[in-house]
Amino acid sequence: NRSSDLRARESGKMPVSKKDGSTFAVTQSDLPFEEDILRNPYSVKGWLRLIDHKLHSKTSKVALFVVYERALKELPGSYKLWYNYLKLRRKEVRSKCITDPIYEEVNDCFERCLVFLNKMPRIWLDYCQFLMDQQRVTQTRRTFDRALRALPITQHPRVWPLYLKFLRMHSIPETALRVYRRFIKLMPEDMEDYVEFLKEVGRLDEAANRLAYIVNRENFVSKHGKSNHQLWHELCELISKNPDSVKGFKVEAIIRSGLKRFTDQLGQLWCALADYFVRCGHFEKARDIYEEAIQAVMTVRDFGQIFDAYAQFEESMISARMEATAEAGPTEEEDIDLELRMTRFEFLMDRRPLLLNSVLLRQNPHNVYEWQKRVELYEEKEKPKEIINTYTEAVQTIDVRIATGKPHTLWVGFAKFYEKHDQIAEARVIFEKAVKVPFKLVDDLASVWCEYVEMELKHENYERSVKLLQRATALPGKKASYYDESETVQNRVYKSLKLWSMYADLEESLGTFQSTKAVYQRILDLKIATPQIIINYGVFLEENNYFEDAFKAYERGVSLFKWPHVYDVWNTYLVKFIKRYGGQKLERIRDLFEQCLTDCPQKFAKPLYLLYANVEEEHGLARHAMAVYERATKAVLPGEQFEMYNTYIKRASEAFGVVYTRQIYEKAIESLPDDHAIEMCQRFAELERKLGEIDRARALYSYSSQMCDPRTKSSFWDVWHDFEVKHGNEDTFRE
């Protein structure tokens with residue numbers, strides 16, 4: 001009985017016999033654990049404590065296995081015991097060869113475990129991994145299948161990743177396909193992985209079908225974050241690059257449907273379609289696709305992709321023909337074919353700038369610069385017919401209201417093209433159409449009229465030129481403001497200064513005095529004159545000896561404009577009037593100067609005051625001139641006051657003597673900033689010294705010393721020092 005066994009064990013070591021004939025020794029330290037197990041053989045904790053004790057006492061693995069077997073005999077449904085036992089058995093065989101019989105013993109342990117724990121996924125996964133390590137393909141596959149049958153479906157996602165890994169480890173494509181199909185039924189969201197596997201094993205037809213299936217499912221969410229467009233592009237690439245392997249698809253129809261759906265990837269799709277026909281051997285069809293694509297794409301990026309692919313295709317065709325000719329020997333027919341291919345390739349490369357220009361024009365058909373560039377390309381190739389067609393298409397296509405650039409330059413260029421080829425009648429027809437175009441800006445229409453007139457002048461059609469300007473500047477039936485955009489430019493161009501300036505120049509050159517004067521008067525009546533127009537009008541009248549009329553024109557100009565724009569008119573008016581009359585009409589000149597200087601800004605005051613003072617000096621009274629200089633010192637900019645005082649002092653000393661300048665110096669010192677006031681003080685003191693007024697000079701030095709820091713104005717103190725040395729005494733020097 002149990003009590004006698006325990007007493008026997010207490011006396012020393014006693015072998016314990018098992019039914020299978022194996023034995024192990026129970027040591028003195030094992031007795032407490034054994035007693036606990038004898039009292040409660042169904043306690044997992046008791047067995048675990050014994051196992052833990054055995055591990056720490058470094059008992060042999062066989063003894064440990066016996067303890068585990070005893071425990072599992074009592075508790076065959078304990079997950080913890082089985083898990084630790086199997087883990088220990090696997091660890092023991094890790095360093096052994098997979099053909100060792102001990103592996104079979106561990107497999108048997110797993111099988112015994114699964115009799116009781118067939119709902120535990122961890123046991124199944126460990127068993128399958130153990131079998132995979134043994135390279136037992138069939139047994140592993142059957143074990144995975146048993147696991148899937150035994151476990152509830154909610155646990156299957158834990159099994160499938162290892163199962164799929166096992167399938168990829170071995171070259172068993174048919175088995176793998178069957179298993180994958182079962183997997184996809186359970187987890188259709190992993191269809192992408194299945195497609196990748198199909199590509200790897202060369203089942204491209206089924207891969208294309210599966211890819212088409214997920215592309216057509218609108219609610220499909222990619223596990224790898226791919227958009228429907230990316231998946232669709234993969235499908236196109238797959239079916240276009242493998243025409244021999246993928247059957248049952250209308251490749252051209254599929255890709256063309258994608259061209260309508262995905263407009264941001266047109267280049268790749270067109271290249272895929274052309275590549276499909278190349279791989280099928282339909283080279284002419286591929287060439288047609290490339291040509292169609294180049295004429296259809298809307299972006300430079302897509303054009304670049306297609307053109308590069310097209311050029312590469314043509315190069316490969318030439319290389320293939322040259323290799324074939326080199327192997328078989330050249331014949332006349334093959335030489336002609338090769339020459340044709342070379343010519344076709346050169347023609348393609350020559351067309352590149354024009355094709356790129358066509359893409360940009362499809363992007364924005366209202367881009368004037370691109371149309372002009374297209375004309376330049378045809379001019380380089382010397383194709384006048386194409387140039388005419390381009391100009392015609394451009395002026396018909398462009399909407400002048402939304403055009404990029406200046407649309408009138410196309411009309412002008414069109415007319416000049418005919419003029420260049422001595423077809424003046426056709427050029428006039430173009431200009432006549434151009435002046436009727438509703439341009440966005442009045443200046444555009446005015447530019448067209450000016451170019452029209454210049455063409456007639458170039459061909460010495462002077463009368464026609466004048467008539468054209470008369471037409472352009474004629475008053476419309478209804479007057480309109482120049483800036484009223486609700487009116488057409490044709491109704492507003494009569495106020496264009498560009499046209500009137502040209503008209504005035506033309507009349508001055510070709511017309512009579514009266515006709516020219518009438519043009520200038522019209523400009524003034526329309527109130528579109530500029531200061532330059534007024535000056536030109538005055539000069540024109542003066543050249544024809546109509547001096548009073550010229551002065552009236554200037555008077556009208558100064559009444560039209562305000563400062564600062566009127567400065568040039570006043571300056572010209574005053575200079576011309578003084579030159580004409582000199583001192584004969586001095587009072588009138590004074591009135592003009594007073595009128596001019598009433599609101600004159602400081603910026604423009606200096607030259608006008610100097611001119612006024614000069615007139616008084618030459619034709620008037622000196623005291624009047626001094627009064628003008630006095631006003632000027634207060635009217636000019638602060639930065640110009642010092643220079644104006646210098647001029648004032650110089651003129652006053654010449655007219656009235658140096659004594660008269662004392663009051664000017666005093667005013668200058670009061671009004672000028674410190675830097676200039678110091679210099680004035682020194683000059684004033686020097687003047688007083690020359691006049692013998694030593695005390696006055698010393699007072700000036702004393703006054704200016706208040707503004708001079710010895711650290712920065714040492715030169716002033718040196719001058720005063722020299723002055724005191726020459727003219728002072730001990731007391732004054734001390735001060």
Could you go through T512 and E507, starting from their C-alpha distance and side-chain angles, then the distance that decides it, and tell me whether this counts as side-chain contact (heavy atoms from CB on, under 4.5 Å)? CA-CA 7 Å; T512 62; E507 286 292 351; 5.8 Å; no
Does the side chain of L441 reach to within under 4.5 Å of the side chain of D444, using non-hydrogen atoms? yes
We want to know whether D302 and T299 form a side-chain donor-acceptor pair, criterion being a heavy-atom distance below 3.5 angstrom. yes
If we ignore hydrogens and angles and just use 3.5 Å, is the side chain of H282 paired with the main-chain N or O of V278 as donor and acceptor? no
Assign the ring pair W449 / Y452 to parallel, tilted or perpendicular, where the plane angle (0 to 90°) is split at 30° and 60°. parallel
Separation of I289 CD1 from I294 CD1 (nearest 0.5 Å): 12.0 Å
Where is the tightest heavy-atom contact between L410 and A394, given as atom of each residue plus distance? CD1-CB, 4.0 Å
Would you name the heavy atoms of I398 and P365 that are closest together and state the gap between them? CG1-O, 3.7 Å
Of all heavy-atom pairs between V359 and V300, which one has the smallest distance, and what is that distance? CG1-N, 4.1 Å
Are Y310 and E291 linked by a side-chain donor-acceptor pair shorter than 3.5 Å? yes
Any donor-acceptor pair under 3.5 Å from H366 side chain to T404 backbone: no
Salt bridge (charged side-chain N to carboxylate O under 4.0 Å, His left out) between E376 and K373, worked out: CA-CA 5 Å; E376 292 171 3; K373 193 181 294 183; over 6 Å; no
Gap separating the CG atom of N367 from the CZ atom of R362, nearest 0.5 angstrom: 14.0 Å
Side-chain heavy atoms of N364 within contact of E370, under 4.5 Å: no
Let's go through E456 and R428 carefully: what are the C-alpha distance in whole Å and the side-chain angles of both, what is the deciding distance for salt bridge (charged side-chain N to carboxylate O under 4.0 Å, His left out) to 0.1 Å, and is it a yes or a no? CA-CA 9 Å; E456 296 294 351; R428 286 175 182 150; 2.7 Å; yes
Is there a salt bridge (charged side-chain N to carboxylate O under 4.0 Å, His left out) between E419 and K458? Walk through the geometry before answering. CA-CA 10 Å; E419 181 193 357; K458 195 183 296 184; 3.5 Å; yes
Assess whether side-chain contact (heavy atoms from CB on, under 4.5 Å) is satisfied between V395 and K433, documenting all intermediate values. CA-CA 10 Å; V395 297; K433 289 182 178 180; over 6 Å; no
In this structure, OG of S501 is separated from CD of Q532 (nearest 0.5 Å) by 9.5 Å
Is there a side-chain contact between L499 and C450 (heavy atoms, below 4.5 Å)? yes
Where do A427 and A415 come nearest, in terms of heavy atoms and distance? CB-O, 3.4 Å
Among Y391, F431, W371, whose ring-ring contact (aromatic ring centres under 6.0 Å, His included) with F414 holds? Y391
Might you point out which heavy atoms bring F303 and R352 nearest each other, and give the distance in Å? CZ-O, 4.0 Å
Measuring from K406:NZ to S447:OG, what's the distance to the nearest 0.5 Å? 7.0 Å
If you look at every heavy atom in M502 and V453, which pair is closest and at what distance? CE-CG1, 3.5 Å
Is the ring pair F313/Y290 parallel, tilted or perpendicular, if the boundaries are 30 and 60 degrees? tilted
Apply the test salt bridge (charged side-chain N to carboxylate O under 4.0 Å, His left out) to residues K498 and D443: give CA-CA distance (whole Å), side-chain angles for both, the deciding distance (0.1 Å), then the verdict. CA-CA 8 Å; K498 182 184 286 188; D443 194 58; 3.3 Å; yes
Kindly determine whether R522 and T473 satisfy side-chain hydrogen bond (donor to acceptor under 3.5 Å, both in side chains), including the steps that lead there. CA-CA 10 Å; R522 283 281 305 283; T473 57; 5.1 Å; no
Residue pair L355 / Q295, side-chain heavy-atom distance below 4.5 Å: yes
Say you draw a straight line from OG1 of T392 to CD1 of I387; how long is it, rounded to the nearest 0.5 Å? 11.5 Å
Ring-plane angle category for H408 and F439, please: parallel below 30°, perpendicular beyond 60°, tilted otherwise. perpendicular
Sub-3.5 Å donor-acceptor pair from the side chain of Q363 to the main-chain atoms of M298, do we have one? yes
Roughly how far, to the nearest 0.5 Å, is NZ of K383 from OG1 of T390? 10.5 Å
Does the pair F307 and L348 meet the rule for a side-chain contact (heavy atoms from CB on, under 4.5 Å), with working shown? CA-CA 9 Å; F307 188 87; L348 174 64; 3.7 Å; yes
Worked verdict on R287 versus E314 for side-chain contact (heavy atoms from CB on, under 4.5 Å): CA-CA 9 Å; R287 190 174 286 111; E314 292 291 358; 2.8 Å; yes
Take a 6.0 Å sphere around CD of Q312 and say whether it holds more than 12 heavy atoms from other residues, nucleotides or ligands. no
